[in-house]
Amino acid sequence: MDSMTRDAQGKGSDWLASANLRPTRQRLALAALLVGDGHNRHVTAESLFDASRTAGEKVSLATVYNTLRAFCDAGLMREITVDGSKSYFDTNMDDHPHFYWEDTGSLTDAPADQLEIRRVPTAPDGAEIAKVDVVIRLRRS
C-alpha cells in the first residue's frame, strides 16, 4: 500500500470518526474516495460505485446507496436532488448554491458570496423550513 493510499484512508477514517460512524471496510473505502485527497466532491451513487470498482473495491451499488444515506444521516454529506429524480451527494457542508450543467449532468459549487436571498416565504402553519437548496441550471451558449 503506498503512502497516498494510507493518507487517503487515514483521512477517510478521521472523517467517519468525526461523526462517530463505525469504520466498516466498505465505509472506509468509500470515505477514502470521497475525502481522501482533501477536496470536496459531488457524486452520484453510480459515479461513486464506478470509482470504487476502478479502485478495486468490491462494493455493491446497494451498499453505495446505503452508505451515502448513512453519511448524510450522520451529517457528513448532504443530498441535492435535481429534477426530482437525480440525487447528488456533496461533501461540502457549508451553505452554498450549486450550478447544474445540463449538457453533462454534473453539479458544481457556485460562488456563495454572489448569491443574495433577501427573504424566503413563511412556512405554513405546523411546518418549519429545514433548508433551502439553490440549484442554478446552466446551458452552454
Side-chain angles (χ1 to χ4, degrees), residues 1-124 126-141:
M1 177 185 318
D2 63 37
S3 62
M4 183 71 160
T5 302
R6 276 194 299 273
D7 186 47
Q9 287 182 338
K11 287 178 181 170
S13 179
D14 291 347
W15 191 59
L16 294 176
S18 73
N20 295 317
L21 280 178
R22 191 167 48 90
T24 65
R25 183 188 63 77
Q26 293 95 343
R27 284 179 180 171
L28 282 168
L30 296 175
L33 289 169
L34 288 167
V35 300
D37 66 358
H39 297 288
N40 284 309
R41 296 259 178 311
H42 300 95
V43 299
T44 62
E46 293 79 8
S47 70
L48 185 57
F49 174 72
D50 290 344
S52 69
R53 305 234 346 155
T54 299
E57 294 297 330
K58 294 184 184 204
V59 179
S60 72
L61 183 57
T63 297
V64 171
Y65 271 106
N66 292 336
T67 302
L68 287 169
R69 295 272 177 240
F71 290 172
C72 288
D73 291 346
L76 292 173
M77 303 183 80
R78 73 175 72 196
E79 181 178 8
I80 294 95
T81 304
V82 178
D83 291 335
S85 62
K86 184 103 175 165
S87 287
Y88 293 83
F89 298 88
D90 188 359
T91 58
N92 180 353
M93 293 300 290
D94 295 335
D95 287 333
H96 64 283
H98 291 94
F99 288 133
Y100 176 72
W101 297 86
E102 290 184 336
D103 60 339
T104 61
S106 60
L107 196 72
T108 58
D109 289 339
D113 62 345
Q114 295 178 18
L115 179 69
E116 289 184 31
I117 299 177
R118 297 187 186 271
R119 182 174 47 198
V120 295
T122 303
E128 66 180 7
I129 296 173
K131 65 179 180 169
V132 175
D133 287 330
V134 177
V135 177
I136 303 157
R137 299 177 72 92
L138 298 177
R139 182 176 304 127
R140 297 191 198 275
S141 54

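Quick caveat, the model's predicted, so the values are computed rather than measured.
The two residues G105 and Y100 come nearest to each other via the heavy atoms CA-OH, 3.6 Å. The heavy-atom pair separating L33 from A55 by the smallest distance is CD2-CB, 4.2 Å. Closest heavy-atom contact between I129 and V132: CG2-CG2, 4.0 Å.
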Determine whether R69 and D73 satisfy the following criterion, salt bridge (Lys or Arg N to Asp or Glu O under 4.0 Å), listing intermediate values before the conclusion.
CA-CA 6 Å; R69 295 272 177 240; D73 291 346; over 6 Å; no

Show, in sequence, the C-alpha distance, side-chain angles and deciding distance for L76 and L21, and conclude whether the side chain to side chain contact (heavy atoms under 4.5 Å, CB included) test is met.
CA-CA 10 Å; L76 292 173; L21 280 178; 3.7 Å; yes

Between H98 and V82, is the side chain to side chain contact (heavy atoms under 4.5 Å, CB included) condition met? List the steps.
CA-CA 10 Å; H98 291 94; V82 178; over 6 Å; no

Identify all side-chain donor-acceptor contacts of residues 112-121 below 3.5 Å with residues at least two apart in sequence or on another chain.
unit_1, atom_1, unit_2, atom_2, d
E116, OE1, R118, NH2, 3.4

With a cut-off of 3.5 Å and sequence neighbours excluded, list every side-chain donor-acceptor pair involving residues 134-141.
unit_1, atom_1, unit_2, atom_2, d
R137, NE, E102, OE2, 2.9
R137, NH1, D83, OD1, 2.7
R137, NH2, E102, OE2, 3.1
R139, NE, E102, OE1, 3.3
R139, NH2, E102, OE1, 3.3
R140, NE, D103, OD2, 2.6

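Inter-residue side-chain proximity for L107 and K86 is flagged as unmet; no heavy-atom pair is nearer than 4.5 Å. The shortest distance between side-chain heavy atoms of T91 and F71 does not fall below 4.5 Å. Proximity of W15 to P23: side-chain heavy atoms (C-beta onward) are nowhere separated by under 4.5 Å.
Note that CG of L30 is 7.5 Å distant from CD of E57, once rounded to the nearest 0.5 Å. Summarising the geometry, atom OG1 belonging to T24 is positioned 7.5 Å from atom CG belonging to L16; distances are rounded to the nearest 0.5 Å. Between the OH atom in Y88 and the CG atom in L68 there is a gap of 13.5 Å [rounded to 0.5 Å]. In this structure, the separation between CG on N66 and CD on Q26 is 10.5 Å, given to the nearest 0.5 Å. Interatomic distance, OG of S60 versus CZ of F49, reported as 7.5 Å (0.5 Å rounding). Here the straight-line distance linking atom NZ of K131 with atom CZ of R78 works out to 6.5 Å at 0.5 Å rounding.
Here S87 pairs with E79, T81, F89 under the side-chain contact (heavy atoms from CB on, under 4.5 Å) rule; sequence neighbours left out. Under the salt bridge (charged side-chain N to carboxylate O under 4.0 Å, His left out) criterion, R27 pairs with no residue at all, not counting sequence neighbours. Evaluation of the side-chain contact (heavy atoms from CB on, under 4.5 Å) rule for S13 yields L28 as partners, not counting sequence neighbours. Shown here are the side-chain contact (heavy atoms from CB on, under 4.5 Å) partners of N92, two or more places apart in sequence or in another chain: N40, D90, D94, H96, D109.
Judged purely by atom type and a 3.5 angstrom limit, S47 has no side-chain atom pairing as donor or acceptor with the backbone of V43.
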